[in-house]
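For reference, the structure discussed in these notes is given below.
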Amino acid sequence: MANLTFYPIGTAGEKWGEAEKAAWLASTQIKRSYQDDVVTPLKAMEEELSALGLGIVQYGALSINAERYPLFAVKSQQFDPQKPTVLVTGGVHGYETSGVHGALAFLTNEASNYVQQVNLVVAVCVSPWGYETINRWNPKAIDPNRSFYANSPAEESAALMALVASVTSVEQGFDVHVDLHETTDSDELEFRPALCARDGIEYDKGTIPDGFYAVGDTEHSMDAFQKAIIDGVSKVTHIAPADEKGEIIGSTVVQHGVINYPLKSLGLCSSVTGCIYNTTTEVYPDSPTATPAECNLAQVAAITSAIDYVLAQR
């Protein structure tokens, strides 16, 4: 049954114009610090990363405030064409906290175990304004994770695509991509109602799955790869069960804890490299049986399980 509660910006049944988008932007607030939570810890590990052969590179900045929102990635200083190349992305949706902190935790605790075996690129927080305002969208009310295509309207997505292209053209293509996300209660309390209001459609309340799940590619499902990630994460946190329809968030569960999306046609971040070993992680930080630290560890487990699987295939 449709939920008839309407979002407080706009007119029911009508798409937002520039006035509604401006009203939405005016309603957002800074709630935490990207500089304190992300940039400072990242810079603090710069010497240690350098010793591992990794460097911090700035690959862009957000136009809303370039000084406040520089975009950083950690990247292998020398690429070996004999090694697989791995991309990790966090904070494409800035409000999904464990994506950002899971990427940082991987760099802190696990990267040293892999730098001799893989070429590594880690974009820690793709959407820093979204991180600070705890938001799914960017300041233009655009979802970066539906904007990975040519002439993207989201500068966050465009900047990451440029970073990927620079690696692909100068060094080599990617073999693995792990895109770190969360599914939260606020998806149904705030973000989906806002989306429906923006697009002038009726909001039909959905169900939030309790636990971790992974999203693969409809065109290249790579079932064994996804299973390896689920197996690894299950040692850290619980895996989301299918609902009574055999689905998770409206998509058929193809194996325990895994659904597939048409990544490229939806403009999703996990399609950005074109590699077949890709996954989008989804943890549930609002679960009564999970903690923020556990969610961070689940993200790290997903990354390491993905890399371990691909290394084992070589």
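Worth knowing before you read on, the calculation uses all heavy atoms, side chains too, and leaves out hydrogens, waters and symmetry mates.
Environment of CD in Gln58: crowded, with over 12 heavy atoms of neighbouring residues, nucleotides or ligands closer than 6.0 Å. Within 6.0 Å of CD in Glu247 there are more than 12 heavy atoms belonging to other residues, nucleotides or ligands. Annotation for Lys21: atom NZ counts as buried by contact number, over 12 foreign heavy atoms lying within 6.0 Å.
A donor-acceptor pair under 3.5 Å is formed between the side chain of Thr304 and the backbone N or O of Ala301. A distance-only check finds no donor-acceptor pair linking the side chain of Glu156 to the backbone of Asn138 [under 3.5 Å]. Lys140 contributes no side-chain N or O that, together with a main-chain N or O of Ala154, makes up a donor-acceptor pair within less than 3.5 Å. Put simply, the side chain of Tyr114 never gets that close to the backbone of Asp308: no donor and acceptor are under 3.5 Å apart. At distances below 3.5 Å, not a single donor-acceptor pair connects side-chain atoms of Ser147 with backbone N or O atoms of Pro153. A donor-acceptor pair under 3.5 Å is formed between the side chain of Asn145 and the backbone N or O of Cys269. With hydrogens and angles ignored, the 3.5 Å screen pairs no side-chain donor or acceptor of Gln35 with any backbone N or O of Tyr69. Without hydrogens or angle criteria, Ser76 side chain to Phe79 main chain gives no donor-acceptor distance under 3.5 Å. Asp199 places no side-chain N or O within donor-acceptor distance of the main-chain N or O of Ile201, the cut-off being under 3.5 Å. The backbone N or O of His181 sits less than 3.5 Å from a side-chain atom of Gln299, completing a donor-acceptor pair.
The aromatic rings of His101 and Tyr131 are tilted relative to each other, their planes meeting at an angle between 30° and 60°.
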> Where do Thr273 and Thr85 land on the side chain to side chain contact (heavy atoms under 4.5 Å, CB included) test, with the steps shown first?
Replying inline: CA-CA 11 Å; Thr273 69; Thr85 300; over 6 Å; no

> When you look at Ile30 and Thr133, which way does the side chain to side chain contact (heavy atoms under 4.5 Å, CB included) test go after all the steps?
Replying inline: CA-CA 5 Å; Ile30 300 296; Thr133 60; 3.8 Å; yes

>> As a quick check of understanding, evaluate side chain to side chain contact (heavy atoms under 4.5 Å, CB included) for Leu268 and Thr280, giving each step before the final call.
In response: CA-CA 9 Å; Leu268 299 180; Thr280 301; 5.7 Å; no

> Should Ile142 and Trp137 be marked as a side chain to side chain contact (heavy atoms under 4.5 Å, CB included) after you check the CA-CA gap, both sets of side-chain angles, and the distance that decides it?
Replying inline: CA-CA 5 Å; Ile142 296 171; Trp137 292 343; 6.0 Å; no

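In this structure, Val236 shares a hydrophobic cluster with Leu297, the cluster being traced through Ile, Leu, Val, Met, Phe, Trp and Tyr side chains under 4.5 angstrom apart.
In this structure, Phe225 and Gln313 have side chains that are not in contact, with every pair of non-hydrogen atoms separated by 4.5 Å or more. A heavy-atom distance below 4.5 Å is not found between the side chains of Phe106 and Val178.
The shortest non-hydrogen separation linking Gly99 to Leu180 is O-CD1, 3.4 Å.
Under the 4.5 Å side-chain heavy-atom criterion for Ile, Leu, Val, Met, Phe, Trp and Tyr, Ile134 and Leu189 are members of distinct hydrophobic clusters. Taking hydrophobic clusters as Ile, Leu, Val, Met, Phe, Trp and Tyr residues chained together by side-chain heavy-atom distances below 4.5 Å, Val253 does not share a cluster with Val283. Both Tyr277 and Val233 are part of a single hydrophobic cluster, where members link through side-chain heavy atoms under 4.5 Å apart.
A side chain to side chain donor-acceptor pair (under 3.5 Å) with Tyr95 is found for exactly one of Lys31, Glu190, Arg136, namely Arg136.
Identified under the salt bridge (charged side-chain N to carboxylate O under 4.0 Å, His left out) test for residues 56-70, with sequence neighbours left out: Arg68-Glu132.
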Pairs under 3.5 angstrom only: tabulate donor-acceptor contacts from the side chains of residues 207-214 to other protein residues two or more places apart or in another chain.
| from | atom 1 | to | atom 2 | distance (Å) |
| --- | --- | --- | --- | --- |
| Asp210 | OD1 | His238 | NE2 | 2.8 |
| Asp210 | OD1 | Ser287 | OG | 2.8 |
| Tyr213 | OH | Thr183 | OG1 | 2.7 |

